[in-house]
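Notes follow the structure.
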Amino acid sequence: MLTRIKGGRVIDPGHLDTVADILIKDHKIVEIIAAGQKEAIEPVSRIIDASGKIVCPGFIDMHVHLREPGHEHKETIESGSRAAVWGGFTAICAMPNTDPVNDNCEITEFILSQAKRANFAKVFPAGSISIGLEGKQICEFAQLKACGVVAVSDDGNPVMDDHLMQTALAAAQSHDLPVISHCEDLNLVAGGVMNAGAVAREMKLAGISNASESVMVERDIALSELTTAPVHIAHVSTAESVQALREAKSRGVRVTAETAPHYFMLTDEAVRQCGTHAKMNPPLRSAEDREAVRRGLADGTIDAIATDHAPHSSREKAVDFGKAANGVIGLETAVSLGLKLVQEGVISLTQLIEKMSTNPARILGLESGLRPDRSADLTILDPDLAFRVDIEQFQSLSKNCPFDGWQLQGKAILTMVDGRVVFEEENPTK
Ligand code: DOR
Ligand code: ZN
């Protein structure tokens, strides 16, 4: 039996942008029928009316922290992957800073089996670069890859040892594994807890300089050039990082980059209102940095929008700013904040879709795209649906969100994974 998604604007960046019907059978797209073309012959079991909506390749969040194993009170693989499909993501890449760390096949296989049980988004685990995230000894990349990791990263921690990073880049390249780099020079951070600047001074909080990020971005660019291995820079937050990436890309360096919605929507001013719910690593920066991140998204310097979804319980947030855990959740607001960027004229709708599906897929080596014979992983957006962000409605187990109460327009209303509807907005006209 067929499912037919009828009359939506079907956008597959670089390939397709037309009003069409999509026919789905046995987990796969079988045909895309442009308006006015022939009718399907087989009987259709379900028709999904997508008129006035946008149908795009399933969104892929390449940077998510699920807290299982180890911190299931913050998030489980089930709650996190449910939050993902509620937010329009069909696939997520799970960072390895769980407890124990995902530095071995036992943990990788556990994550994959829990994801399969949950049966929401596809979960692609990232393994760690170094054993126990300690930055001392490189993991067995060949084994990790064989067990199912799609990338390696010490995210949460930088790889401070330059030589270890060089060795890791070369080893990862030989196993065709992307390296996702958390760029932070701990010596320069030196105990800082928020962006260095006027807000930090007024709040009497120790500052974190832009250089603490950009010197590591420059280092990774240099190591990528030295080894010819690709490197992906996580959560870009500063103007200097964007400029370094722009120059490296123009020289042909194999570097890619992501940023997160909080870096293109907020500045360190948000710390005044949101307190610890605006504390993350790297920190929210100045208005100039936010503008530079936006320009980097617009001109292609920043390839991807990821959430860095980092759930923490209120216990870890309801403490002094300096002591609070770093991180904000993002899965259930990212698409709408991305659409806000489109509404503000910073990037086009096609660019947004590219940065949330096609590009993360390319960087991680995953399948994506609305073409016959590909998996029916897709997201339907209602660009007009206005709503108020309400953390009480979230599927995530954690509530650390600086966007609570924001009025937004446009959201994912249906998420399909392997031809199965895993999320559908109950009241799409609200
Ligand atoms: O804010 C952050 N939270 N930044 C990181 O690098 C790690 C993450 C976490 O795991 O909570
Ligand atoms: Zn992270």
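For ligands, and for the atoms within them, numbers begin at 1 and follow the listed sequence.
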Checking Ser375 against Asp377: is there a side-chain donor and acceptor pair closer than 3.5 Å? no
Vertex the Zn ion (ligand 2), ends His65/NE2 and Asp155/OD2: angle to nearest 10° comes to 90°
Tell me, which protein residue and heavy-atom name are nearest atom 6 (O) of ligand 1, and how many Å apart are they? His182 CE1, 3.0 Å
What protein heavy atom is closest to atom 7 (C) of ligand 1, reported as residue, atom name and distance in Å? Gly156 CA, 3.8 Å
Just to be sure I read this right, does ligand 1 sit under 4.0 Å from the backbone of Met95, its side chain, both, or neither, counting only heavy atoms? neither
When you look for heavy atoms under 4.0 Å from ligand 1, do you find them on the side chain of Met280, its backbone, both, or neither? both
Centres of the His182 and His235 rings: under 6.0 Å? yes
Could you tell me whether a side-chain N or O of Ser357 sits under 3.5 Å from a main-chain N or O of Phe59, the two making a donor and an acceptor? no
Would you confirm whether Asn104, through its side chain, and Ile107, through its main-chain N or O, come within 3.5 Å as a donor-acceptor pair? yes
Is the distance between the Zn ion (ligand 2) and the nearest N/O/S atom of His63 smaller than 2.8 Å? yes
Could you tell me if any non-hydrogen atom of Arg67 lies under 4.0 Å from any atom of ligand 1? yes
Closest to atom 10 (O) of ligand 1 (judged by heavy-atom distance), picking from Asp154, Asn97, Asp308: Asn97
Establish, yes or no, whether the cationic atom of Lys279 lies under 6.0 Å from the six-membered ring centre of Phe321 and within 45° of the ring axis. yes
Assess whether side chain to side chain donor-acceptor pair (under 3.5 Å) is satisfied between Arg254 and Ser224, documenting all intermediate values. CA-CA 7 Å; Arg254 300 176 69 195; Ser224 169; over 6 Å; no
Polar contact flag for Ala310 and ligand 1 (N/O pairs, less than 3.5 Å): no
Which single N/O/S atom of Asp308 lies at minimum distance from the Zn ion (ligand 2)? OD1
Under 4.0 Å from a heavy atom of His312: give me the atoms of ligand 1 that qualify, with their elements. 11 (O)
At what distance is the nearest protein heavy atom to atom 3 (N) of ligand 1, and which residue and atom is it? Asn326 O, 3.1 Å
For the residue pair Thr98 and Glu68, confirm or rule out a side-chain donor-acceptor distance under 3.5 Å. no
Any Glu184 heavy atom less than 4.0 Å from ligand 1: no
Decide whether Asn326 and His312 meet the rule of one side-chain donor and one side-chain acceptor closer than 3.5 Å. no
Donor-acceptor pair, side chain of Asp161 and main chain of Leu164, under 3.5 angstrom: yes
For atom 4 (N) of ligand 1, which protein heavy atom lies nearest, and how many Å away is it? Asn281 O, 2.8 Å
